[in-house]
There are 2 protein chains.
Amino acid sequence: MPRWPEDSRRRLVDAAISQFVDRGYAESTVENIALAAGVTPRTFFRYFADKEEVLFADDDDLLPLLIGVIAEDTGPVRADVQMRKALGTLAAAVESRRDLLKRRQRVIDSHIALSGRELAKQARWQKDVTTALIGRGFPPGQSEILAAIGFALFRQCLHAWLADDGGPGLEARVGDALSGVRSVLDVRSSR
Amino acid sequence: MPRWPEDSRRRLVDAAISQFVDRGYAESTVENIALAAGVTPRTFFRYFADKEEVLFADDDDLLPLLIGVIAEDTGPVRADVQMRKALGTLAAAVESRRDLLKRRQRVIDSHIALSGRELAKQARWQKDVTTALIGRGFPPGQSEILAAIGFALFRQCLHAWLADDGGPGLEARVGDALSGVRSVLDVRSSR
DNA sequence: ACCCTTGTGTCACTTTGTGACATCAACTAT
DNA sequence: ATAGTTGATGTCACAAAGTGACACAAGGGT
């Protein structure tokens, strides 16, 4: 049992987001963040591999949830049903954190390197989800495509949800997107 | 007309990839790369915003091609036809560079920050493609989803193509993936 | 009391990235 | 041709991001 537990970590995350939001990401130094959290810069880098990671570290909690909901049932399922369940669960888990996520997204969108990190993290999730789908009994090749499309849709909905105050909830958006994915390929351009 | 034209830039790219491949990305310093190319580190950073960018700078040529092929026709098209044409053109443009791309992909896959950069670049392309699709007459919301799915599929095929020596060509893979995307949602798991 | 673990600090160092200014060859215009 | 301009590069100084090695101190267990 740690002597001074995760307290420092949380203070670092809070200090980092605050500074990113009101000074800008590039203008915030790790030194300032660390001092604001009451630790030294060296401690920052013990918790987070680099300055970017402090924005994404908390997401790691969600992956086990996603994998769990894929693995929990047994018996044959149709892919779109499985996908609806998995993405719906993920959406529900995130729904309550909209304010925090929106602040974070503003920071991410302000610097290209950060969008890259966000996508890289999702790509690693996608690999694990693919593995879970294969474990669940889907053919490997199609599991990859399912996971790829699933994440693409989820990203899409997430960003729209964060950008559109007062619009439909995330879970609803994900549901709609899934319903529409089949027909979108049949849409025709108007000119 | 520049006095010493793009020569330095090309030498820098070559030197960088060589060093990344045989020393590893993290172990290669910008200083070494620059000296190997016969310039100073300062010059490296004039051509490339950072150490990562040297791996991706050449991709910028492909975006105009992609946008062009979407914009060139007029008249109504079905989305899947448009997508097949665009992704097919992109695949064809890349097909001949497999060796180079494969070397590069090994470097990218060896460090997470690099996959992030790759994805961030594609995300910016995706935005431009979405705009092009809207300009072509597709409804905005569906243009976004089309672009998202298109890129997800292309990435998928690209990586499979690079990983699988002697397998089908990239263009063929992209064609197959597009044909299968509709039915993949109906697939059932085996348990 | 003793060790052992664990989170943190300190220090020195490399690497990345930038701003300001100097240089020098080639092109341009008179 | 002479002068001025332009553009790529070099030089220098410096801030910020990371890292490795070692020290220290508090708590827990034997």
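These numbers were taken from a predicted model, which means no experiment stands behind them. The sequence lines fix the lettering, A, B, ..., with proteins before strands; numbering per chain opens at 1.
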Atom pair distance, as rounded to whole Å: [atom1] in [X] and [atom2] in [N]:
X       : N      : atom1 : atom2 : value
B:Leu12 : C:dG17 : CG    : P     : 14 Å
A:Arg46 : C:dG9  : CZ    : P     : 8 Å
A:Phe44 : C:dT10 : CZ    : P     : 18 Å
B:Asp7  : C:dA25 : CG    : P     : 18 Å

- Message: Under the salt bridge (Lys or Arg N to Asp or Glu O under 4.0 Å) definition, can you give me all pairs with a residue in residues 19-46 of chain B, not counting sequence neighbours?
- Response: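 Of all non-adjacent pairs touching residues 19-46 of chain B, none passes salt bridge (Lys or Arg N to Asp or Glu O under 4.0 Å).
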
- Please collect all salt bridge (Lys or Arg N to Asp or Glu O under 4.0 Å) contacts where either partner lies in residues 129-141 of chain B, sequence neighbours excluded, each pair once.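 Salt bridge (Lys or Arg N to Asp or Glu O under 4.0 Å) check on residues 129-141 of chain B returns no pairs.
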
side-chain N/O [X] vs [N] OP1/OP2, d < 4.0 Å:
X       : N     : answer
B:Ser8  : D:dT9 : yes
A:Thr40 : C:dG9 : yes
A:Thr43 : C:dG9 : yes
B:Tyr47 : D:dT9 : yes

Please list, pair by pair, any protein nitrogen or oxygen found under 3.5 Å from a nitrogen or oxygen in nucleotides 16-20 of chain D.
| from | atom 1 | to | atom 2 | distance (Å) |
| --- | --- | --- | --- | --- |
| D:dA17 | OP1 | A:Lys51 | NZ | 3.2 |
| D:dA17 | OP2 | A:Val30 | N | 3.1 |
| D:dG18 | OP2 | A:Lys51 | N | 2.8 |
| D:dG20 | N7 | A:Arg42 | NH2 | 2.9 |
| D:dG20 | O6 | A:Arg42 | NE | 2.8 |

- Task: Quick one: do B:Ile17 and B:Leu100 satisfy side chain to side chain contact (heavy atoms under 4.5 Å, CB included)? Show the steps, please.
- Result: CA-CA 9 Å; B:Ile17 296 198; B:Leu100 176 66; 4.1 Å; yes

Tabulate below the donor-acceptor pairs under 3.5 Å that side-chain atoms of residues 63-74 of chain A make, not counting sequence neighbours, or state none.
| from | atom 1 | to | atom 2 | distance (Å) |
| --- | --- | --- | --- | --- |
| A:Glu72 | OE2 | A:Lys85 | NZ | 3.0 |
| A:Asp73 | OD2 | A:Lys85 | NZ | 2.4 |

- Query: Which residue pairs pass the side chain to side chain donor-acceptor pair (under 3.5 Å) test when at least one of the two sits in residues 142-151 of chain B, sequence neighbours left out?
  - Reply: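 Passing the test, one end in residues 142-151 of chain B: A:Gln156-B:Glu144.
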
- Message: Once ring-ring contact (aromatic ring centres under 6.0 Å, His included) is applied, do any residues pair with A:His159, and if so which ones, sequence neighbours excluded?
- Response: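 Applying ring-ring contact (aromatic ring centres under 6.0 Å, His included) to A:His159 gives none.
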
